[in-house]
Structure formats: C-alpha cells, structure tokens
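Heads up: the structure comes next, in structure tokens.
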2 protein chains.
Amino acid sequence: MTTNWTDIKASRADSDERRHGYEHAGRAIRLAFEIKELRERKGLSQRQLAELVGTTQSAIARLEGGRISPSLPTLDRIANALDAELTVTLTDTQQLLGAR
Amino acid sequence: MTTNWTDIKASRADSDERRHGYEHAGRAIRLAFEIKELRERKGLSQRQLAELVGTTQSAIARLEGGRISPSLPTLDRIANALDAELTVTLTDTQQLLGAR
DNA sequence: AAGGGTGATAGCATCGCTGCTATGCCCTGG
DNA sequence: CCAGGGCATAGCAGCGATGCTATCACCCTT
C-alpha cells in the first residue's frame, strides 16, 4: 500500500503545522471581542458577569484581553451566562477532492 | 441604575452556570468523533496523523477517546493536519428579546 | 506461529489556563 | 478634592491538557 502519505507529509513539512502557536492569537482576540461585545450588550459589568459565571472580575478582564486561548469549558460557562451559545465545529475543506 | 440585574442573577442561581463541568463531556465526545471520522476519511492512522500534527499516537488516541476537553490550539493543529477548518462562535440566543 | 500494523491505556513531567488577591489607573459624581 | 465604579495587570497556587515512553490487546498477513 504505502499510500501517497509520504507525499502528503512532505508537502506540509514547512507549510503550516510545523509552526505551533502561530495564529491562536487571532482566534483568542476575536473571541475576546465577541465576549466583550455580548457582555456590554447585556449591560453587564465585568464584575457582574464574573459573578454570573462564578469567577472574578480579573478573570473576565483577562479573557477580554485576548492574550490567551480560553478553554472550551470556560467559553461554555461564559456563553451560558450571556444567554449565548458556543459552537465548535470541524469542517472538511476537501470534501470533493480526495475522491481518488 | 441598579438594573434588573438582581433578577437576572436570581433567576439563574440554580439553573445552569452553578454547575461547572456539566456537559463539557458532550462537546468533547462529539469533537472526538468528528476527528476520528475525518482522520479515517483521509485514510490516516493515528500514528500518521500524530506525525502530521507533531505529536504522538497516544495523544491522538486520547483525544479521540473523548474523555477530555481539548484546547483550541490542539483542535486547530488537528484541523489543519486534516485539511479541515476549526470554527468557534458565540451566538446570542436573545437577539430579539431584551430590546431594553 | 510469528510478525507487523493499529489502537487503547497508564504513568509521568511540563505547560498553559483558571481563580484569587491586591493593586493601579481612569473617569464621573458628589 | 474625594469617593466610587469600571477595567487592567501582576503574582501566585492549583488543575487540567499535552507530550512522551512503554505496554497491551487485536487483527491480519505471511
């Protein structure tokens, strides 16, 4: 068999996955902004949201700072507190390609 | 001001956010399944995916086990390796409600 | 029967996120 | 001027996720 797996591996050796923490920052910043947006829309202060979520104001500030990549459990709790829904999806970008 | 914030807080005291790690398992299991699904569709073994991602087979197996809540950085790396895209969204479920 | 490939699991060290306290800064109202 | 609220930041302890090695059980092929 020895699929063309070797090719796949080679073609990516230096493209993307070799760089570990490249653009997590991007997602973190976007999520941070969305949280802040939602919170302000609800008219809540960081302290109030913190209490709803079950944490402290500084933790909320840190999240909204966008310098860390929040955990899914944390995002979920925030979402619930803000009457929002957290959606996490993995979509194949090659559905119609590798059909051999 | 003293918004109806007190009401909000009261109305949730024992509904959802008081329970910390309730259904993270659900999301973890779904993601685990999606990863496995994608990986097999690409015809990759856990070991091959591991190498693409830059980790080991046991780590992949653990993820696909669905007993932990993966970090976003990890999910992102997996997604890239599988030619997939990771989407994380916070959607307001009350857009047309609290117009005040 | 022996070997190879695949996937689970355990145990460990390390790292990052989280919760917390304690500040500091800015702004607004008294 | 002096609170007071709102937000940011630092520093620390604790915990969960990750990476790793080493097994183990299975299946399949030879």
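Keep in mind the model is a prediction, meaning the values are calculated, not measured. Chain letters run A, B, ... following the sequence lines, proteins first and then strands; every chain starts at 1. These numbers come from the heavy atoms of this one structure, side chains and all, not from hydrogens, waters or symmetry mates.
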To the nearest angstrom, the CD-P distance between A:Glu64 and D:dT9 comes to 12 Å

Scoring nucleotides 20-30 of chain C by protein non-hydrogen atoms under 4.0 Å (B base, S sugar-phosphate only, - none) yields BBB--------

When rounded to whole Å, the CD to P distance for the pair B:Glu40 and C:dG5 reads 19 Å

Heavy atoms of B:Lys42 and B:Leu82 approach each other most closely as CE-O, 3.0 Å

- prompt: For C:dC17, does either OP1 or OP2 sit under 4.0 Å from a side-chain N or O belonging to A:Ser71?
  reply: no

Taken to the nearest whole Å, CZ/A:Phe33 to C1'/D:dC7 is 16 Å

B:Asp76 atom CG is separated from D:dA17 atom P, nearest whole Å, by 18 Å

Q.
Test your reading of the model: is there a side-chain donor-acceptor pair from A:Gln48 to the backbone of A:Ser45, 3.5 Å cut-off?
A. yes

message = For a quick check of understanding: with a heavy-atom distance under 4.0 Å over all strands, which category does B:Ile60 fall into, base, sugar-phosphate or nothing?
response = nothing

* **Any B:Arg39 side-chain nitrogen or oxygen under 4.0 Å from OP1 or OP2 of C:dT6** => no

Separation of D:dG5 atom C1' from A:Gln48 atom CD, nearest Å, is 11 Å

### Message
Please check: side-chain N/O of A:Glu34 versus main-chain N/O of B:Leu90, any donor-acceptor pairing under 3.5 Å?
### Response
yes

Quick one: is D:dG19 close enough that its OP1 or OP2 comes under 4.0 Å of any side-chain N or O from B:Arg77?
yes

Closest non-hydrogen atoms of B:Leu49 and B:Ala81, given as atom of the first, atom of the second and distance, are CD1-CB, 3.8 Å

Between B:Ala32 and B:Leu63 the two heavy atoms that sit nearest each other are CB-O, 3.3 Å

| said: Using modelled atom types and a 3.5 Å cut-off, is there a donor and acceptor pairing between side-chain atoms of A:Arg39 and backbone atoms of A:Leu44? | reply: yes

B:Val53 and B:Ile78 have their tightest heavy-atom pair at CG2-CA, 4.0 Å

**Asked** Are any side-chain N or O atoms of B:Arg30 and backbone N or O atoms of A:Val88, one a donor and one an acceptor, separated by less than 3.5 Å?
**Response** yes

>> Does A:Leu75 reach a base, just sugar-phosphate, or nothing at all? Heavy atoms under 4.0 Å.
In response: nothing

A:Gln46 atom CD is separated from D:dG5 atom C1', nearest whole Å, by 12 Å

Atom CG of B:Leu44 and atom C1' of C:dG5 are separated, to the nearest Å, by 15 Å

Would B:Arg41 and B:Glu37 pass as an ion pair if we require N to O under 4.0 Å?
yes

The bend of the helix from C:dA1-D:dT30 to C:dG30-D:dC1, taken between the axes of its five terminal pairs at each end and rounded to 10°, is 20°

Ranking C:dT9, D:dT18, C:dT18 by distance to the side chain of A:Ile68, first place goes to C:dT18

Sidechain-backbone polar pair: A:Thr93 side chain, B:Asp83 backbone, donor-acceptor under 3.5 Å:
yes

note: B:Glu37, atom CD; C:dG7, atom P; distance rounded to Å ~ 14 Å

Side-chain N,O (B:Lys36) to OP1/OP2 (C:dA8) below 4.0 Å: yes

Closest to the side chain of A:Ala61, out of D:dG6, D:dG19, D:dT9, is D:dT9

